[in-house]
Amino acid sequence: MKSAYDILLERGFIAQATHEDEIKELLAKEKVTFYIGFDPTADSLTAGHFLTIMAMAHMQRAGHKPIALIGGGTVKIGDPSGKTDMRKMLTDEQIEANAERFKKQLGRLIDFSDDKAIMINNADWLLKLNYVDFLREIGVHFSVNRMLTADCYKSRMEKGLTFLEFNYMLLQSYDFLELYKRYGCTLQMGGNDQWSNILGGVELIRRKESQPSFGLTFNLLTTSEGKKMGKTEQGAVWLDPEKTTPYEFYQYWRNIEDAKVEECLGLLTFLPMDEVKRLGALQDAEINKAKEVLAFEITKIIHGDEEAKKAEEATKALFGGGGSNANVPHSDYNISDFENGKDLIELMQETGLIPSRSEGRRLIQQGGVRLNDVQEKDFGKSITLADFTDNELLIKKGKKVYHLIKLV
RNA sequence: GGAGGGGUUCCCGAGUGGCCAAAGGGGGCAGACUGUAAAUCUGUUGUCUACGACUUCGAAGGUUCGAAUCCUUCUCCCUCCA
């Protein structure tokens, strides 16, 4: 049987490891307790977190025990790694609310029943630390000189780095030590941007406990241009269906660039690797089939089978190939709303297709709006019942954004 | 604490009295080409009751016929010195 390490390697997760051979051996013969941290900076996890959660799931399936560490304490500091600016400060209430939502979302992907996994918040120990004691016990083991050479601080050396943020590494390292002592956690994993922070913890455990511990990082999802993936023009791709609907979520992955299809299939689905390779090898227009599979599988993992099917159905209806309109993004209106005509731009604004009337005008003038697939060039257009077909009016914005108006 | 330099539209960054709703780039949106891809080209990118009006250049006052530009106070940031 393949070890968890082999699986992660094969699927393309592994970026760096502190002790490759030892970790490989350890994961092959022992049940390992490992942890990944999530700072509750927003009220939902994002597609970026999804990658690490998948790694966690693979590990759990291979028999290891995950600890999902909610960073209720560390979030108050803010990780400067890879950030060009300091983060906004969050209030205690926000942090708590965010942490609650993280818990729910993680619970969907990781099995926390029967002590198969642990979820814990580092606020439990970080918030009661005594400053002087902490400096004497932990701070003494860190060299400022070495910290400053860390890659993750480089960009901040020009823009400025506060002492607050500079301490982030110490706190994360302390977390690892704490989890090591509490649960015998010997492995920390995370995105590759966490490398320095993870190393800090490994070294701290070696110095304080004279014991080995390990770190492993994952490749981050980036576009072929090297930008972070999981972001759209509207912001991040969220795992919360209220922030990013399953349909939008599906569409995001359906529109992934060709070069990333195989990588994403490996990282973000549970499909067997030979299937991943087969799909990834498809060429030209054929690769769209692979993208359909990718979008469906990922949506299924996050939102469940039913929502994935709905998203797929809606996509078929909109982009050709039949299917019913039932699951297309839509708004319900009364017949009376259109009896005297309703301004098209106003309607588009109400459905969220456009943020302002000016935007609507531009869009229409540039030929970016279609009503039931007929281009509309008149920005003063008033929609009446005559514009509906079978009580439905499909508004298309650009090539990919649809909204259905239903009369009820 | 002292000296100096700054805060401009989503971001970076020009602009030192009217020609400024503000150059240029990035990003976004739309059009063309396509495969719901990438790349490329074109247009566009404050708001509105739209050939005009209104609100924007850290904040509040002031000078002026007229201010992003000048003055005053405040505030935040950066650099050098201590």
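Not measured: the values here are computed from a predicted model. Each chain gets a letter, A, B and so on, in the order its sequence line appears, and its residues count up from 1. Just so you know, these numbers use all the heavy atoms, side chains as well, and skip hydrogens, waters and symmetry mates.
If you take atom P in B:C10 and the same atom in B:A23, they sit 13 Å apart, rounded to whole Å. Taking atom P in both B:G24 and B:C77, one finds a spacing of 33 Å when rounded to whole Å. A gap of 48 Å separates the P atoms of B:A32 and B:C78, to the nearest Å. Rounded to the nearest Å, the gap between the P atom of B:C19 and that of B:G66 is 14 Å. For the P atoms, the distance from B:A14 to B:U9 is 13 Å, rounded to whole Å. When the P atom is compared between B:C12 and B:G7, the two are found 12 Å apart, to the nearest whole Å. The same atom, P, is picked in B:U47 and in B:U42; the two are 24 Å apart, to the nearest Å. A gap of 42 Å separates the P atoms of B:C74 and B:G27, to the nearest Å.
The base-pairing partner of B:G18, taking Watson-Crick or G-U wobble contacts with both distances under 3.5 Å, is B:C65. B:A3 and B:U79 make up a base pair, with Watson-Crick or G-U wobble contacts both under 3.5 Å. Checking B:U36 for Watson-Crick or G-U wobble geometry (two distances, each under 3.5 Å) identifies no partner in any strand. Checking B:G43 for Watson-Crick or G-U wobble geometry (two distances, each under 3.5 Å) identifies B:C29 as its partner. When Watson-Crick and G-U wobble pairs are counted only if both distances are under 3.5 Å, B:A23 pairs with no nucleotide at all. Nucleotide B:C48 has B:G52 as its partner under the Watson-Crick or G-U criteria, with both atom distances under 3.5 Å.
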Please report, to 0.1 Å, the donor-acceptor pairs under 3.5 Å made by any side chain of residues 384-396 of chain A, with sequence neighbours excluded.
| residue | atom | partner | partner atom | Å |
| --- | --- | --- | --- | --- |
| A:Thr384 | OG1 | A:Ala386 | N | 3.3 |
| A:Asp387 | OD1 | A:Lys381 | NZ | 3.1 |
| A:Asp387 | OD2 | A:Thr384 | N | 2.9 |
| A:Thr389 | OG1 | A:Asn372 | ND2 | 3.4 |
| A:Glu392 | OE1 | A:Asn325 | ND2 | 3.2 |

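In summary, A:Asp305 and A:Lys309 engage in a salt bridge, as defined by a charged side-chain N under 4.0 Å from a carboxylate O. A salt bridge is absent between A:Glu312 and A:Arg254: the closest approach of a Lys/Arg side-chain nitrogen to an acidic carboxylate oxygen does not fall below 4.0 angstrom. Ion pairing between a basic and an acidic side chain is recognised when a charged N comes within 4.0 Å of a carboxylate O; A:Arg182 and A:Glu178 show such pairing. A salt bridge is absent between A:Lys104 and A:Asp240; no separation between the charged side-chain nitrogens and carboxylate oxygens falls under 4.0 Å.
Residues A:Gly398 and A:Arg254 both approach RNA chain B. Their nearest nucleotides, taken by heavy-atom distance, put A:Gly398 toward the 5′ side. Place A:Arg361 and A:Thr315 on RNA chain B by their nearest nucleotides, and A:Thr315 ends up nearer the 5' end.
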Anything under 3.5 Å between a protein N or O and an N or O of nucleotides 45-48 of chain B, put it in a table, one pair a line.
| residue | atom | partner | partner atom | Å |
| --- | --- | --- | --- | --- |
| B:U47 | OP1 | A:Ser356 | OG | 3.0 |
| B:C48 | OP1 | A:Arg357 | N | 3.0 |
| B:C48 | OP2 | A:Arg357 | N | 3.2 |
| B:C48 | OP2 | A:Ser358 | N | 2.6 |
| B:C48 | OP2 | A:Ser358 | OG | 2.5 |

Quick test: give all pairs of protein nitrogen or oxygen and nucleotides 52-54 of chain B nitrogen or oxygen below 3.5 Å, distance rounded to 0.1 Å.
none

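Judged by distance alone, with hydrogens and angles left aside, A:Gln366 brings a side-chain donor or acceptor within reach of the base of B:G43, the pair sitting under 3.5 Å. For B:U44, its base never sits under 3.5 Å from the side chain of A:Gln365 at any donor and acceptor pair.
Counting heavy atoms of neighbouring residues, nucleotides and ligands inside a 6.0 Å radius, atom CD of A:Glu96 does not exceed 12 of them. For A:Arg207, the CZ atom counts as densely surrounded, since its 6.0 Å shell holds more than 12 non-hydrogen atoms of other residues, nucleotides or ligands.
Between the side chains of A:Asn122 and A:Asp175, a donor-acceptor pair is found at a separation under 3.5 Å. Between the side chains of A:Gln188 and A:Gln194, no donor-acceptor pair is found at a separation under 3.5 Å. For the 3.5 Å distance criterion, the side chains of A:Ser336 and A:Asn334 fail to qualify, holding no donor opposite an acceptor. Side-chain contact, A:Asn255 with A:Tyr250: no donor N or O sits under 3.5 Å from an acceptor N or O.
Across the protein-nucleic acid pair, A:Ile354 atom CD1 and B:C29 atom C1' stand 12 Å apart, rounded to whole Å. At whole-Å resolution of the value, CD in A:Glu263 and C1' in B:A37 are 15 Å apart. A:Leu294 places its CG atom 16 Å from the C1' atom of B:G35, with the value rounded to the nearest Å. The nearest whole Å value for the distance from the CD atom in A:Glu257 to the P atom in B:G35 is 18 Å. Between the NZ atom of A:Lys400 and the C1' atom of B:C29 there is a distance of 12 Å, given to the nearest Å. Taking atom CG of A:Leu282 as the reference point, atom P of B:A37 lies 17 Å away to the nearest angstrom. At whole-Å resolution of the value, CE in A:Met348 and C1' in B:A30 are 11 Å apart. In this structure, A:Tyr252 places its OH atom 14 Å from P of B:A37, rounding to the nearest Å.
Using a 4.0 Å heavy-atom distance criterion, A:Ile287 is classed as a base contact.
In the set B:A37, B:C29, B:G35, B:G35 carries the atom at the smallest distance from any side-chain atom of A:Asp284. When each of B:G31, B:C29, B:U36 is scored by its nearest atom to the side-chain atoms of A:Lys399, the top-ranked nucleotide is B:G31. For A:Lys397, taking side-chain heavy atoms from C-beta onward, the closest of the listed nucleotides B:A38, B:C29, B:U36 is B:C29.
Checking side-chain atoms of A:Asn130 against main-chain N and O of A:Val132 turns up a donor-acceptor pair under 3.5 Å.
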